Amino acid sequence: MSDHPNSDHKPDRLPNERGFDPHEEAAYADDTLHRVHQQLQREKEEPTEGFSPIPIFLLFLFGGLVFWAGIYMANNSGEFRPDIYNPEWKPGGGGNETAAAWDPIKRGDRLFRNNCAACHQADGNGVPGSFPPLASSPWVVGDEARLVKILLRGLQGPIEVMGTTYNGAMPSYGDNSGGAGWSDRDIHAIATYIRQSWGNGAPPVSEETVAAVRAEIADRDKAWTAPELLEMHPME
Ligand code: HEC
């Protein structure tokens, strides 16, 4: 047996064994440590088979979530209609769809809620001081080319709407740089929708009108200012 305490470490020796060389004390201490660790390890929770039950409140939580999702889908699915969801949709283009299925108001309602309501509000009244109203606004119910220009390029700088001056930025939905690139069909739908909602009673804006205005302003990239628009299309 070597004199060096570490050279003959015997892990299998029982730690409480007595009567061995006092030089082995270090090894003995190692063994004790080992044993205590084993004990500690045994005291940990045993791994179990099978699975533990879900806390009951989670069950209710998920149940409630599924229920809410169902109601949400029922209210907001737009009946999963292609003319509402697909911007490329053409009447008669898809199997048994008929021309009558295209409804610019339905499509416009969806576009409005997803794109404009955050600023102009669901009731079309805007936010005082920040976002001008669309309800009763002459910019909406007046000259259709002026309105289409706003939608295709956006607006910046001061604009007076029904006696109040706003000074913000209205995003572009046209095909200029930074524009959202909406089709003639969707611009026709949103323009028609805002002209006929919240008590507005202006005639629809046709897809052809949108196409003509788009061609006319093809060279223009920047957003409009209100005075520029009023110069081209004076307020009625
Ligand atoms: C990020 C906020 C924002 C979004 C989104 C937005 N607008 Fe605007 N809109 C404005 C602001 C701000 C003005 C005023 C611009 C200015 O001060 O020059 C404005 C002005 C207008 C105007 C002319 C003024 C009026 O009140 O009649 C029309 C029309 C309009 N927006 C329609 C729309 C439509 C339609 C949509 C969705 C397709 C839309 N806006 C999305 C902020 C927004």
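The first residue of the sequence shown is numbered 1, and numbering continues consecutively from there. Ligands are counted one by one from 1 in listed order, and the atoms in each one are counted from 1 as well. Predicted model only: the values in this text are computed from it and were never measured.
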Quiz prompt | Ala118 touching ligand 1 at heavy-atom level, < 4.0 angstrom | solution = no

Shortest protein heavy-atom distance from [atom], along with the residue and atom involved:
| atom | answer |
| --- | --- |
| atom 28 (C) of ligand 1 | Leu134 CD2, 3.5 Å |
| atom 27 (O) of ligand 1 | Ser137 OG, 2.6 Å |
| atom 35 (C) of ligand 1 | Leu151 CD2, 3.5 Å |
| atom 3 (C) of ligand 1 | Cys119 SG, 2.7 Å |
| atom 41 (C) of ligand 1 | Tyr173 OH, 3.3 Å |
| atom 36 (C) of ligand 1 | Cys116 SG, 2.8 Å |
| atom 18 (O) of ligand 1 | Gly157 O, 2.5 Å |
| atom 5 (C) of ligand 1 | Asn115 O, 3.1 Å |

Quiz item: Should one rank Met162, Arg195, Met170, Arg113 by closest heavy-atom distance to atom 32 (C) of ligand 1, which comes out on top?
Solution: Met170

Quiz prompt | Identity of the nearest option to atom 15 (C) of ligand 1, non-hydrogen atoms only, from Thr165, Leu155, Thr225 | solution = Leu155

Close N or O approach ([X], ligand 1; < 3.5 Å):
| X | answer |
| --- | --- |
| Pro133 | yes |
| Leu147 | no |
| Trp139 | no |

I need the atoms of ligand 1 closer than 4.0 Å to a non-hydrogen atom of [X], numbered in the order shown.
| X | value |
| --- | --- |
| Tyr166 | 17 (O) |
| Gln156 | 18 (O) |
| Asn167 | 17 (O) |
| Val140 | 27 (O), 29 (C) |
| Phe131 | 2 (C), 12 (C), 42 (C) |

Quiz item: Side chain, backbone, both or neither: which part of Pro171 comes within less than 4.0 Å of ligand 1 when only heavy atoms are counted?
Solution: side chain

Does the distance from a Lys or Arg side-chain N to an Asp or Glu carboxylate O, for [X] and [Y], drop under 4.0 Å?
| X | Y | answer |
| --- | --- | --- |
| Arg214 | Asp175 | yes |
| Lys149 | Glu228 | no |
| Arg146 | Glu236 | yes |
| Arg113 | Asp109 | yes |

Quiz item: Counting only heavy atoms not in Gln39, do more than 12 sit closer than 6.0 Å to its CD atom?
Solution: yes

Quiz item: Can you tell me how far CZ of Phe112 sits from CD1 of Ile190, rounded to the nearest 0.5 angstrom?
Solution: 6.5 Å

Exercise. Would you give the length of the straight line joining atom CE of Met232 to atom CG of Asp143, rounded to the nearest 0.5 angstrom?
Key: 10.0 Å

Test item: [X] and [Y] side chains (from C-beta on) under 4.5 Å apart, heavy atoms:
| X | Y | value |
| --- | --- | --- |
| Trp182 | Leu151 | no |
| Arg195 | Pro204 | no |
| Leu152 | Ile187 | yes |
| Arg185 | Trp102 | yes |

Self-check item: Atom name of the N, O or S atom in His120 that lies nearest to atom 8 (Fe) of ligand 1
Solution: NE2

Practice problem: Evaluate the criterion side-chain contact (heavy atoms from CB on, under 4.5 Å) for residue pair Glu144 and His233; output intermediate values, then yes/no. | Solution: CA-CA 10 Å; Glu144 56 180 7; His233 310 276; over 6 Å; no

Quiz prompt | Parallel, tilted or perpendicular, as decided by the 30° and 60° cut-offs, for the rings of Tyr193 and Trp198 | solution = perpendicular

